[in-house]
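Below: the structure, in C-alpha coordinates.
Small disclaimer: the values here were computed from a predicted structure and weren't measured. Read the numbers this way: they start at 1 and go in the same order the structure lists the ligands and their atoms.
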Amino acid sequence: MSPSSTQNSVSRVRKAVFPVAGLGTRFLPATKTVPKEMLPIIDRPLIQYAVDEAIEAGCDTLVFVTNRYKHAVADYFDKAYELEQKLERAGKHEQLELVRNILPEGVRAIFVTQAEALGLGHAVLCAKPVIGNEPFAVILPDDVIWNRGPGALKQMTDAAAGTGASMIAVQDVPREKTGSYGIVATEEFADRQGRIRRMVEKPSPDQAPSTLAVVGRYVLTPRIFDLLEATRPGAGGEIQLTDAISALLKEETVNAFRFRGTRFDCGTHLGLIEATIRYALDHEKLSEAAQRLMQDALKELGVTELE
Ligand code: G1P
(Lines give C-alpha, C1' and ligand atoms only; values in the text may rest on other atoms or scores of the structure.)
Protein backbone atom coordinates (compact mmCIF):
# COMPACT_ATOMS: atom_id res chain seq x y z
CA MET A 1 0.00 0.00 0.00
CA SER A 2 1.42 3.41 -0.91
CA PRO A 3 1.79 5.85 1.98
CA SER A 4 -0.65 8.29 0.43
CA SER A 5 -3.52 5.85 0.06
CA THR A 6 -6.07 5.70 2.86
CA GLN A 7 -6.24 2.48 4.84
CA ASN A 8 -9.79 1.32 4.43
CA SER A 9 -9.46 -1.70 6.61
CA VAL A 10 -8.78 -2.15 10.27
CA SER A 11 -5.58 -4.01 10.96
CA ARG A 12 -3.53 -3.03 13.97
CA VAL A 13 -5.00 -0.15 15.97
CA ARG A 14 -2.20 1.88 17.55
CA LYS A 15 -3.89 5.20 18.18
CA ALA A 16 -6.82 6.06 20.39
CA VAL A 17 -8.72 9.34 20.56
CA PHE A 18 -10.25 10.56 23.83
CA PRO A 19 -12.67 13.46 23.38
CA VAL A 20 -12.47 15.30 26.70
CA ALA A 21 -13.61 18.79 25.78
CA GLY A 22 -17.16 18.57 27.19
CA LEU A 23 -18.30 20.96 29.91
CA GLY A 24 -19.55 18.35 32.38
CA THR A 25 -22.38 20.58 33.56
CA ARG A 26 -24.22 17.65 35.20
CA PHE A 27 -21.50 17.52 37.82
CA LEU A 28 -21.44 21.19 38.74
CA PRO A 29 -20.28 22.55 41.11
CA ALA A 30 -17.51 19.89 41.22
CA THR A 31 -16.75 20.44 37.53
CA LYS A 32 -16.34 24.18 38.04
CA THR A 33 -12.66 23.45 38.63
CA VAL A 34 -12.27 19.68 38.07
CA PRO A 35 -12.89 18.33 34.56
CA LYS A 36 -15.45 15.54 34.67
CA GLU A 37 -12.87 13.10 33.26
CA MET A 38 -10.87 13.66 36.45
CA LEU A 39 -13.71 12.58 38.76
CA PRO A 40 -12.60 9.38 40.48
CA ILE A 41 -13.98 5.90 40.83
CA ILE A 42 -12.22 5.01 44.10
CA ASP A 43 -8.66 6.23 43.46
CA ARG A 44 -8.38 6.56 39.69
CA PRO A 45 -9.93 9.26 37.53
CA LEU A 46 -12.35 8.24 34.78
CA ILE A 47 -9.75 9.09 32.14
CA GLN A 48 -7.36 6.52 33.62
CA TYR A 49 -9.90 3.72 33.17
CA ALA A 50 -10.28 4.73 29.51
CA VAL A 51 -6.53 4.99 28.94
CA ASP A 52 -5.86 1.60 30.56
CA GLU A 53 -8.43 0.03 28.26
CA ALA A 54 -6.72 1.53 25.19
CA ILE A 55 -3.27 0.41 26.32
CA GLU A 56 -4.54 -3.11 26.99
CA ALA A 57 -5.87 -3.14 23.41
CA GLY A 58 -2.36 -2.36 22.12
CA CYS A 59 -2.56 1.42 21.62
CA ASP A 60 0.67 3.35 22.13
CA THR A 61 -0.44 6.81 20.98
CA LEU A 62 -3.17 8.46 23.02
CA VAL A 63 -4.73 11.58 21.56
CA PHE A 64 -6.68 13.79 23.93
CA VAL A 65 -8.98 16.35 22.38
CA THR A 66 -9.28 19.00 25.06
CA ASN A 67 -10.19 22.64 25.53
CA ARG A 68 -8.54 25.49 27.36
CA TYR A 69 -10.22 24.61 30.66
CA LYS A 70 -8.82 21.10 30.85
CA HIS A 71 -5.24 21.66 31.99
CA ALA A 72 -5.82 19.14 34.76
CA VAL A 73 -6.03 16.32 32.21
CA ALA A 74 -2.69 17.27 30.62
CA ASP A 75 -1.11 17.79 34.06
CA TYR A 76 -2.27 14.33 35.10
CA PHE A 77 -0.29 12.69 32.30
CA ASP A 78 2.73 14.93 32.77
CA LYS A 79 5.68 14.16 35.01
CA ALA A 80 5.18 15.45 38.59
CA TYR A 81 8.79 16.18 39.61
CA GLU A 82 8.09 17.74 43.00
CA LEU A 83 5.65 15.07 44.09
CA GLU A 84 8.00 12.31 42.94
CA GLN A 85 10.88 13.85 44.86
CA LYS A 86 8.82 14.16 48.01
CA LEU A 87 7.59 10.57 47.84
CA GLU A 88 11.11 9.35 47.12
CA ARG A 89 12.57 11.22 50.10
CA ALA A 90 9.80 9.93 52.34
CA GLY A 91 10.53 6.37 51.19
CA LYS A 92 6.95 5.96 49.91
CA HIS A 93 7.88 3.62 47.09
CA GLU A 94 4.47 2.12 46.46
CA GLN A 95 2.89 5.55 46.00
CA LEU A 96 5.85 6.66 43.90
CA GLU A 97 5.24 3.77 41.50
CA LEU A 98 1.56 4.74 41.22
CA VAL A 99 2.49 8.30 40.24
CA ARG A 100 5.23 7.21 37.84
CA ASN A 101 3.29 4.47 36.08
CA ILE A 102 0.28 6.43 34.94
CA LEU A 103 1.52 5.81 31.41
CA PRO A 104 3.78 2.82 30.79
CA GLU A 105 7.01 3.26 28.87
CA GLY A 106 6.57 3.52 25.13
CA VAL A 107 3.10 5.06 25.38
CA ARG A 108 2.82 8.73 24.47
CA ALA A 109 0.10 11.27 25.15
CA ILE A 110 -0.67 13.96 22.58
CA PHE A 111 -2.98 16.90 23.24
CA VAL A 112 -5.05 18.55 20.56
CA THR A 113 -7.28 21.54 21.22
CA GLN A 114 -10.89 21.80 20.16
CA ALA A 115 -11.31 25.56 20.18
CA GLU A 116 -15.11 25.50 19.94
CA ALA A 117 -17.54 22.91 21.31
CA LEU A 118 -19.06 21.95 17.96
CA GLY A 119 -19.88 18.33 18.78
CA LEU A 120 -18.37 14.86 19.10
CA GLY A 121 -17.82 14.52 15.34
CA HIS A 122 -15.91 17.78 15.30
CA ALA A 123 -13.83 16.68 18.31
CA VAL A 124 -12.79 13.49 16.49
CA LEU A 125 -11.97 15.50 13.36
CA CYS A 126 -9.59 17.65 15.45
CA ALA A 127 -7.45 14.51 15.93
CA LYS A 128 -6.99 14.01 12.16
CA PRO A 129 -3.46 15.54 11.94
CA VAL A 130 -2.23 13.09 14.59
CA ILE A 131 -4.05 10.00 13.33
CA GLY A 132 -3.21 10.42 9.64
CA ASN A 133 -3.95 7.43 7.44
CA GLU A 134 -4.41 4.71 10.03
CA PRO A 135 -7.36 2.94 11.57
CA PHE A 136 -7.92 4.22 15.10
CA ALA A 137 -10.07 3.86 18.19
CA VAL A 138 -12.31 6.41 19.91
CA ILE A 139 -13.10 6.03 23.60
CA LEU A 140 -15.63 8.21 25.39
CA PRO A 141 -14.34 8.25 28.99
CA ASP A 142 -17.86 8.80 30.42
CA ASP A 143 -18.72 5.26 29.40
CA VAL A 144 -16.82 3.06 31.82
CA ILE A 145 -17.00 -0.64 30.97
CA TRP A 146 -16.33 -3.09 33.74
CA ASN A 147 -15.35 -6.64 32.81
CA ARG A 148 -13.39 -9.34 34.59
CA GLY A 149 -11.90 -10.59 31.31
CA PRO A 150 -10.45 -8.50 28.46
CA GLY A 151 -11.61 -4.89 28.25
CA ALA A 152 -14.21 -3.83 25.70
CA LEU A 153 -11.74 -2.19 23.30
CA LYS A 154 -9.44 -5.23 23.32
CA GLN A 155 -12.43 -7.43 22.50
CA MET A 156 -13.24 -5.08 19.63
CA THR A 157 -9.76 -4.73 18.17
CA ASP A 158 -9.37 -8.52 18.24
CA ALA A 159 -12.69 -8.96 16.46
CA ALA A 160 -12.02 -6.13 14.00
CA ALA A 161 -8.62 -7.54 13.06
CA GLY A 162 -10.48 -10.65 11.90
CA THR A 163 -12.87 -8.76 9.59
CA GLY A 164 -10.94 -5.59 8.75
CA ALA A 165 -14.16 -3.62 9.18
CA SER A 166 -14.94 -0.60 11.35
CA MET A 167 -16.73 -1.48 14.54
CA ILE A 168 -18.95 0.20 17.11
CA ALA A 169 -19.84 -1.06 20.58
CA VAL A 170 -23.56 -1.46 21.24
CA GLN A 171 -25.94 -2.58 23.95
CA ASP A 172 -29.69 -2.84 24.35
CA VAL A 173 -31.44 0.02 26.13
CA PRO A 174 -35.08 0.49 27.17
CA ARG A 175 -37.08 2.03 24.31
CA GLU A 176 -37.86 5.17 26.34
CA LYS A 177 -34.11 5.89 26.47
CA THR A 178 -33.36 5.92 22.71
CA GLY A 179 -33.30 9.73 22.73
CA SER A 180 -30.03 9.66 24.71
CA TYR A 181 -28.06 7.54 22.25
CA GLY A 182 -27.00 6.81 18.73
CA ILE A 183 -29.27 3.93 17.66
CA VAL A 184 -28.36 1.32 15.04
CA ALA A 185 -30.37 -1.06 12.87
CA THR A 186 -28.33 -4.14 11.98
CA GLU A 187 -28.39 -7.41 10.11
CA GLU A 188 -28.54 -10.57 12.18
CA PHE A 189 -25.74 -10.99 14.72
CA ALA A 190 -23.19 -13.77 14.51
CA ASP A 191 -20.32 -14.04 16.96
CA ARG A 192 -21.30 -10.78 18.74
CA GLN A 193 -21.15 -8.85 15.43
CA GLY A 194 -23.91 -7.56 13.19
CA ARG A 195 -23.49 -5.38 10.11
CA ILE A 196 -24.99 -1.93 10.61
CA ARG A 197 -27.57 -0.89 8.02
CA ARG A 198 -28.72 2.38 9.59
CA MET A 199 -27.60 4.66 12.33
CA VAL A 200 -29.51 7.62 13.83
CA GLU A 201 -28.42 10.04 16.53
CA LYS A 202 -30.79 10.37 19.49
CA PRO A 203 -34.09 9.40 17.83
CA SER A 204 -37.31 9.68 19.85
CA PRO A 205 -38.65 6.26 20.96
CA ASP A 206 -41.29 6.20 18.21
CA GLN A 207 -38.70 7.03 15.51
CA ALA A 208 -35.92 4.69 16.69
CA PRO A 209 -35.10 1.90 14.22
CA SER A 210 -34.28 -0.45 17.14
CA THR A 211 -33.28 -0.30 20.81
CA LEU A 212 -29.64 -1.12 20.14
CA ALA A 213 -27.62 1.84 21.41
CA VAL A 214 -24.10 2.99 20.63
CA VAL A 215 -21.74 2.89 23.62
CA GLY A 216 -18.60 5.04 23.60
CA ARG A 217 -16.15 2.68 21.87
CA TYR A 218 -15.43 2.91 18.16
CA VAL A 219 -12.82 1.40 15.84
CA LEU A 220 -12.80 3.39 12.61
CA THR A 221 -10.99 3.60 9.29
CA PRO A 222 -9.49 7.04 8.48
CA ARG A 223 -12.04 7.52 5.70
CA ILE A 224 -14.24 8.85 8.50
CA PHE A 225 -12.23 12.11 8.47
CA ASP A 226 -13.23 12.99 4.89
CA LEU A 227 -16.83 12.26 5.79
CA LEU A 228 -16.62 14.32 8.99
CA GLU A 229 -15.31 17.25 6.97
CA ALA A 230 -18.47 17.07 4.89
CA THR A 231 -20.82 16.58 7.85
CA ARG A 232 -23.17 19.44 8.64
CA PRO A 233 -24.59 20.07 12.13
CA GLY A 234 -27.20 17.45 13.05
CA ALA A 235 -28.99 16.52 16.31
CA GLY A 236 -28.66 19.30 18.90
CA GLY A 237 -27.05 21.55 16.26
CA GLU A 238 -23.77 19.63 16.68
CA ILE A 239 -21.47 17.91 14.20
CA GLN A 240 -22.28 14.32 15.06
CA LEU A 241 -19.94 11.36 14.72
CA THR A 242 -23.06 9.25 14.13
CA ASP A 243 -23.90 11.20 10.96
CA ALA A 244 -20.42 10.67 9.50
CA ILE A 245 -20.61 6.95 10.34
CA SER A 246 -24.00 6.84 8.59
CA ALA A 247 -22.21 8.07 5.47
CA LEU A 248 -19.33 5.61 6.03
CA LEU A 249 -21.63 2.61 6.07
CA LYS A 250 -22.75 3.42 2.53
CA GLU A 251 -19.12 2.89 1.42
CA GLU A 252 -17.67 0.33 3.84
CA THR A 253 -18.79 -2.38 6.20
CA VAL A 254 -19.34 -1.11 9.74
CA ASN A 255 -20.18 -3.74 12.34
CA ALA A 256 -21.97 -3.35 15.65
CA PHE A 257 -20.30 -5.30 18.45
CA ARG A 258 -22.00 -6.63 21.57
CA PHE A 259 -19.18 -6.49 24.12
CA ARG A 260 -18.84 -8.58 27.25
CA GLY A 261 -18.98 -6.39 30.35
CA THR A 262 -21.16 -3.89 32.16
CA ARG A 263 -21.26 -0.30 31.04
CA PHE A 264 -21.74 2.56 33.47
CA ASP A 265 -22.75 5.97 32.20
CA CYS A 266 -20.44 8.01 34.40
CA GLY A 267 -21.70 11.20 32.77
CA THR A 268 -24.67 10.89 35.14
CA HIS A 269 -24.87 10.89 38.95
CA LEU A 270 -26.41 7.42 39.16
CA GLY A 271 -23.96 5.94 36.67
CA LEU A 272 -20.98 7.18 38.67
CA ILE A 273 -22.52 5.86 41.89
CA GLU A 274 -23.20 2.49 40.25
CA ALA A 275 -19.63 2.26 38.93
CA THR A 276 -18.20 3.16 42.33
CA ILE A 277 -20.28 0.45 44.01
CA ARG A 278 -19.26 -2.13 41.41
CA TYR A 279 -15.53 -1.37 41.58
CA ALA A 280 -15.65 -1.26 45.38
CA LEU A 281 -17.44 -4.62 45.64
CA ASP A 282 -14.94 -6.11 43.19
CA HIS A 283 -11.88 -4.54 44.86
CA GLU A 284 -9.21 -6.82 46.29
CA LYS A 285 -8.78 -4.86 49.50
CA LEU A 286 -12.06 -2.96 49.85
CA SER A 287 -14.69 -5.52 48.89
CA GLU A 288 -15.61 -6.92 52.30
CA ALA A 289 -15.60 -3.57 54.09
CA ALA A 290 -17.60 -2.00 51.26
CA GLN A 291 -20.27 -4.72 51.52
CA ARG A 292 -20.57 -4.10 55.25
CA LEU A 293 -20.77 -0.33 54.76
CA MET A 294 -23.54 -0.71 52.24
CA GLN A 295 -25.53 -3.05 54.45
CA ASP A 296 -25.08 -0.76 57.45
CA ALA A 297 -26.13 2.29 55.48
CA LEU A 298 -29.30 0.55 54.27
CA LYS A 299 -30.08 -0.58 57.81
CA GLU A 300 -29.48 2.82 59.36
CA LEU A 301 -31.66 4.52 56.81
CA GLY A 302 -34.41 2.00 57.43
CA VAL A 303 -34.26 0.50 53.94
CA THR A 304 -35.19 -3.06 54.75
CA GLU A 305 -36.59 -4.26 51.49
CA LEU A 306 -35.50 -3.31 48.00
CA GLU A 307 -38.15 -3.39 45.30
C1 G1P B 1 -22.46 10.20 22.36
C2 G1P B 1 -22.82 9.75 20.93
C3 G1P B 1 -23.98 8.76 20.97
C4 G1P B 1 -23.63 7.59 21.88
C5 G1P B 1 -23.22 8.10 23.28
C6 G1P B 1 -22.71 6.95 24.13
O7 G1P B 1 -23.54 10.95 22.87
O8 G1P B 1 -23.15 10.88 20.17
O9 G1P B 1 -24.23 8.29 19.67
O10 G1P B 1 -24.73 6.70 21.99
O11 G1P B 1 -22.19 9.09 23.20
O12 G1P B 1 -22.38 7.38 25.42
P13 G1P B 1 -23.40 11.89 24.19
O14 G1P B 1 -23.61 10.98 25.35
O15 G1P B 1 -22.04 12.50 24.15
O16 G1P B 1 -24.50 12.89 24.06
For this session: Taking only Lys NZ, Arg NE, NH1 and NH2, and the carboxylate oxygens of Asp or Glu, determine whether E229 and K128 approach each other closer than 4.0 Å.
Result: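 Yes, this pair counts.
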
For this session: Run the salt-bridge test on E84 and K79 with the 4.0 Å N-O cut-off and return the result as yes or no.
Result: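 Yes, E84 and K79 are salt-bridged.
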
For this session: Just need the protein heavy atom nearest to atom 10 (O) of ligand 1, so name the residue and atom and give the distance.
Result: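 Nearest neighbour among protein heavy atoms for atom 10 (O) of ligand 1, to 0.1 Å: V214 O, 2.7 Å.
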
Exercise. Quick one: does NZ or CZ of R14 land under 6.0 Å from the six-membered ring centre of F136, within 45 degrees of the ring axis?
Worked result: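 Here R14 fails the 6.0 Å and 45° test against F136.
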
Exercise. Should the pair R258 and F189 be classed as cation-pi, given the thresholds of under 6.0 Å to the six-membered ring centre and 45° from the axis?
Worked result: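 Flagged: R258 positioned over aromatic ring of F189.
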
Exercise. So is G182 polar-close to ligand 1, meaning N/O to N/O under 3.5 Å?
Worked result: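 Looking only at distances, the answer is yes, because the N/O contact criterion of under 3.5 Å is met.
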
Exercise. Ligand 1 and Y181, any nitrogen or oxygen pair closer than 3.5 angstrom?
Worked result: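 No; every N/O pair is 3.5 Å or more apart.
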
Those atoms of ligand 1 less than 4.0 Å from some heavy atom in [X]:
{"X": "D143", "result": "6 (C), 12 (O)"}
{"X": "K202", "result": "7 (O), 13 (P), 16 (O)"}
{"X": "R263", "result": "12 (O)"}

Problem set entry | Region of T242 that comes within reach of ligand 1 [heavy atoms, distance under 4.0 Å] |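 The answer is the side chain of T242.
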
Exercise. Is it the side chain, the backbone, both or neither of D265 that has a heavy atom closer than 4.0 Å to ligand 1?
Worked result: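 The answer is neither; D265 stays 4.0 Å or more away.
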
Exercise. Yes or no on side chain to side chain contact (heavy atoms under 4.5 Å, CB included) for I41 and Y49, after CA distance, side-chain angles and deciding distance?
Worked result: CA-CA 9 Å; I41 299 174; Y49 289 85; 3.5 Å; yes

